[in-house]
Visitor: 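Attaching a single structure in structure tokens format; questions to follow.
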Amino acid sequence: MKNRETTSITAKVARIRYPKPGSEPQDGDAQPQFYILSCDVGVVKGKLNHQPKIGETLSLEGCWEVSKFSGQPEFSFFHATVHIPTDERALLRYACEMTPGFGPAMEERIWAERGESWRGISLADDIRGLTPEKLAALQKTIDFLNLNQERAKTVSWLVSIGLTLKMAESAFEKWGSSTVARVEEDPFILASLPNYGFSDADSHVRRYFKIERNDQRRINAALKYYVRQLTAEDTAITWDDLFAKVTAAIDSDPQLISDACRAMFKSGALVAFPRSMRIASLRDFSNEAAIYRFAQHELGAFGSRIRARQPRPRSFNLDETQLDAVQFALDRRFSIINGSAGTGKTSLIHALCNSIEGHGEVRLCAFAGKAAARLREATMHDASTIHRMLVWMGDGNGFALKTLRGSTVILDEASMVSSDLLAEIVKRTPDRLVLVGDEAQLPPVGSGQPFHDLVKLLPECVRTLSTCYRSREAVLASALAIRAGQVPPPNAKSDDELYEFRSLSDARKAHAAILDAVRCGDVDFGQDIILCCRNGETPDETCSVRAFNADIKELVNPGSGRIDPGDRVICTQNSSDLDVWNGTTGTCRSFDTARAMWVELDFPNSDGETSVLIPKDKVKDWQLAYALTVHKSQGSQYRKVFFVVTRRDTATLLSRPMVYTAVTRTKAECHVIGDGWAFSRAIAETRPKHTAMQEIVFEEGIAKEDNLP
């Protein structure tokens, strides 16, 4: 039997044949998972967004084909939804079939007692045989049915107004029961869905909502969307770039676009800088203005009353420039300690903490959890992430901490911190703020580059450490050459360090060389790392994080799940309740019976715990971490670093800060593998950001309406 025509069927799940029991993917996994199911219509197979339950009915789209293994017909589906009855009696029967311990007799008793309102069942109904345990199991099924009924209704409506099925399901995942109301109020909210944009929303909803080409709502939505897109990294963009993006996207009357943009300036939503013809969003302007004004206002030394409270730094085997930097930070409310790897910044922080101790609260923090843990270990002072220090309440809720008055905040790895996050610190007016970092490292992922800007724009508040105590070591000597814009020798070895560049211009050969090192046992993922420039779109994208993780997992820890016990993992979201933060790394140790994941952390969290249980619904926030992007590696160090460079990445990603950051993650051995031309070109490329802070410094005042572009 073989019929390749697409058809629709319903199938009641009788058994899950693949994956095997106990290794099923988690409900929270980010990607659909492949299943083989035995159903009342035969064997069906395909990808599902949820873990199927015995007894549930699926509506499937696909085609029948003959299995090359069994010779029997199988249904291969490409889309599946849970089929939920609409009649209440049928729905009760369906719920009882799906819930262990419930049969036709219990169904009859529940219906006789509650009828159409059976979903409100409780122990007070005094139904024979209904124990608290059975009621809890039934309630889980009811919650599942309620959610899927609402999902089906919402998705159906979204598809009817023009969305693709995948886009509709993505909308429900983000907004749940409020989806319809949100879309009716503002159809262009769909542009904020992950992996979708303005053009997706525009093309799908215009006809249903009768939105004309020159509709003001459409023009405003396009302007807001492309301002967000263009200011995701740079915080000062050109009017020409914005105008070109918007006109290309919506083909509306150019004068109407200019008028809408002018209205945004007049309302204050956009800020203009006439000298450079650049513009900024109000949020970015406000954040960077707050940072700059805090730094500028606090340049002066403390008054004598406050300064008299500060002791001279004790001896921590610091040289004169380090001692000067410590005293400089003690004497001012705002200061920056800048220095390359090996200049003793961590020792300086230790000395600074001890000098302030007993004369006010010291808050030591870093952007990444692993950087905070390393800092805590090195200085023997409590340290946390910025999010934990400010008490992060989750997306949409902001930070709970209201003020930092009375505190000295010392921020390590400050080059990693974006404008919006640093603004959260300065707006809480700490008594003293010390930024410690390396201006040669990568600017932050996200808005602006406040550390880099302040080093250049306010040199009077900076002390730069120039003495490197490991400059004769091979890796650090190579890193310092890169920092200065020079290509280091391809091979160098010292007593404690090894640096090498291996030229492989073919990206496929470079990818294979890394995998060969893994096969040969040269990589211990407990202390070594593979670094790439990009995450990659698919597992087939050579020399990307996604491709390396898929291939390395297959070599070192093959299994049936997206993540299996033994896999290296990294967290991609902040979870304040778990004290686990974006960038936290560790090893998956096991899954409990509820499919929660035990992770052995690389560094203890702020409470000193080395193991954490990740609830099932948060497992989706963890990814494989055999390979990482250079950005994700910031704040960490590894015994061996294998850094791959390709010609493909020179156009948008490879730069001197990226190469320098990758090499300085190394403790002992650094192996750079890839295209020699790309490597040399990257060292010559710095890729500066354009920021509102730069414009604030060079522009006198804010543009008036008659000066707008």
Visitor: Only counting residues at least two apart or in another chain, list the ones meeting ring pair (Phe, Tyr, Trp, His ring centres under 6.0 Å) with Y226.
Guide: none

Visitor: Are a donor atom and an acceptor atom from the side chains of S419 and E288 found within less than 3.5 Å of each other?
Guide: yes

Visitor: Which residues satisfy the ring pair (Phe, Tyr, Trp, His ring centres under 6.0 Å) test with F243, sequence neighbours excluded?
Guide: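 With sequence neighbours excluded, F243 shows a ring pair (Phe, Tyr, Trp, His ring centres under 6.0 Å) to W239, given in chain and number order.
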
Visitor: Under a plain distance cut-off of 3.5 Å, with no hydrogens placed, do D453 and T691 share a side-chain donor-acceptor pair?
Guide: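 T691 vs D453: donor-acceptor pair found between side chains.
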
Visitor: Give me each pair satisfying side chain to side chain donor-acceptor pair (under 3.5 Å) with a member in residues 196-209, each pair once, sequence neighbours excluded.
Guide: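 Pairs touching residues 196-209 that pass the test: D202-R218.
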
Visitor: Indicate yes or no for a side-chain donor-acceptor contact from T235 to the backbone of A692 under 3.5 Å, with no hydrogens or angles considered.
Guide: yes

Visitor: Quick check: F188 with Y225 (ring centres under 6.0 Å apart)?
Guide: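 No, too far apart.
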
Visitor: So, does T661 use its side chain to make a donor-acceptor pair with the main chain of L442 at under 3.5 Å?
Guide: yes

Visitor: May I have the step-by-step check of salt bridge (charged side-chain N to carboxylate O under 4.0 Å, His left out) for K210 and D215, ending in yes or no?
Guide: CA-CA 10 Å; K210 297 182 173 60; D215 189 294; over 6 Å; no

Visitor: With no hydrogens and no angle check, just 3.5 Å: does a side-chain donor-acceptor pair link R432 and T408?
Guide: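 Short answer, yes.
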
Visitor: Under 3.5 Å, side chain of S286 to main-chain N/O of L282, donor-acceptor pair present?
Guide: yes

Visitor: Between S575 and D577, is there a donor-acceptor pair closer than 3.5 Å when you use the side chain of the first and the backbone of the second?
Guide: no

Visitor: Tell me which pairs pass salt bridge (charged side-chain N to carboxylate O under 4.0 Å, His left out) where either residue lies in residues 409-428, with sequence neighbours left out.
Guide: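 Salt bridge (charged side-chain N to carboxylate O under 4.0 Å, His left out) check on residues 409-428 returns R283-D420, R374-E413, E424-R428.
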
Visitor: Does T572 use its side chain to pair, donor to acceptor, with the backbone of D621 at less than 3.5 Å?
Guide: yes

Visitor: Could you work out, with side-chain contact (heavy atoms from CB on, under 4.5 Å) as the rule, every residue matching A236, not counting sequence neighbours?
Guide: R278, E695

Visitor: Between S178 and W175 (side chain of the first, backbone of the second, donor and acceptor by atom type, cut-off under 3.5 Å), is there such a pair?
Guide: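 Yes, the answer is positive, given that a donor and an acceptor are paired below the 3.5 Å cut-off.
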
Visitor: Starting from the C-alpha separation in whole Å, work towards a yes-or-no answer on side chain to side chain donor-acceptor pair (under 3.5 Å) for D241 and T238.
Guide: CA-CA 5 Å; D241 284 346; T238 67; 3.0 Å; yes

Visitor: Can you see whether E439 engages N338 through a side-chain donor-acceptor pair at a distance of less than 3.5 angstrom?
Guide: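 Result is yes, a qualifying pair exists.
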
Visitor: Inspect the contact between D234 and K689 and indicate whether a charged nitrogen and a carboxylate oxygen are less than 4.0 angstrom apart.
Guide: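 Not counted as a salt bridge, because no side-chain N and carboxylate O are separated by less than 4.0 Å.
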
Visitor: Short question: side chain of D431, backbone of G406 - any donor-acceptor pair under 3.5 Å?
Guide: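 Such a contact is found between D431 side chain and G406 backbone.
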
Visitor: When you check the side-chain N and O atoms of R363 and S407, is any donor under 3.5 Å from an acceptor?
Guide: yes

Visitor: Checking S281 against D284: is there a side-chain donor and acceptor pair closer than 3.5 Å?
Guide: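 Yes.
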
Visitor: For the pair S633 (side chain) and V630 (backbone), establish whether a donor and an acceptor sit closer than 3.5 Å, ignoring hydrogens and angles.
Guide: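 Confirmed, S633 side chain pairs with V630 backbone.
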
Visitor: Just grab all the ring pair (Phe, Tyr, Trp, His ring centres under 6.0 Å) pairs involving residues 392-428, residues at least two apart or on different chains.
Guide: H387-W392, H387-F399, W392-F399

Visitor: Under the 3.5 angstrom rule, does the side chain of R546 hit a backbone N or O of E537 as a donor-acceptor pair?
Guide: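 Checked: pair present.
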
Visitor: Strictly distance-based, threshold 3.5 Å: is any side-chain N or O of E233 a donor or acceptor partner for the main-chain N or O of G446?
Guide: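 The answer is yes, because a donor-acceptor pair under 3.5 Å joins these two groups.
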
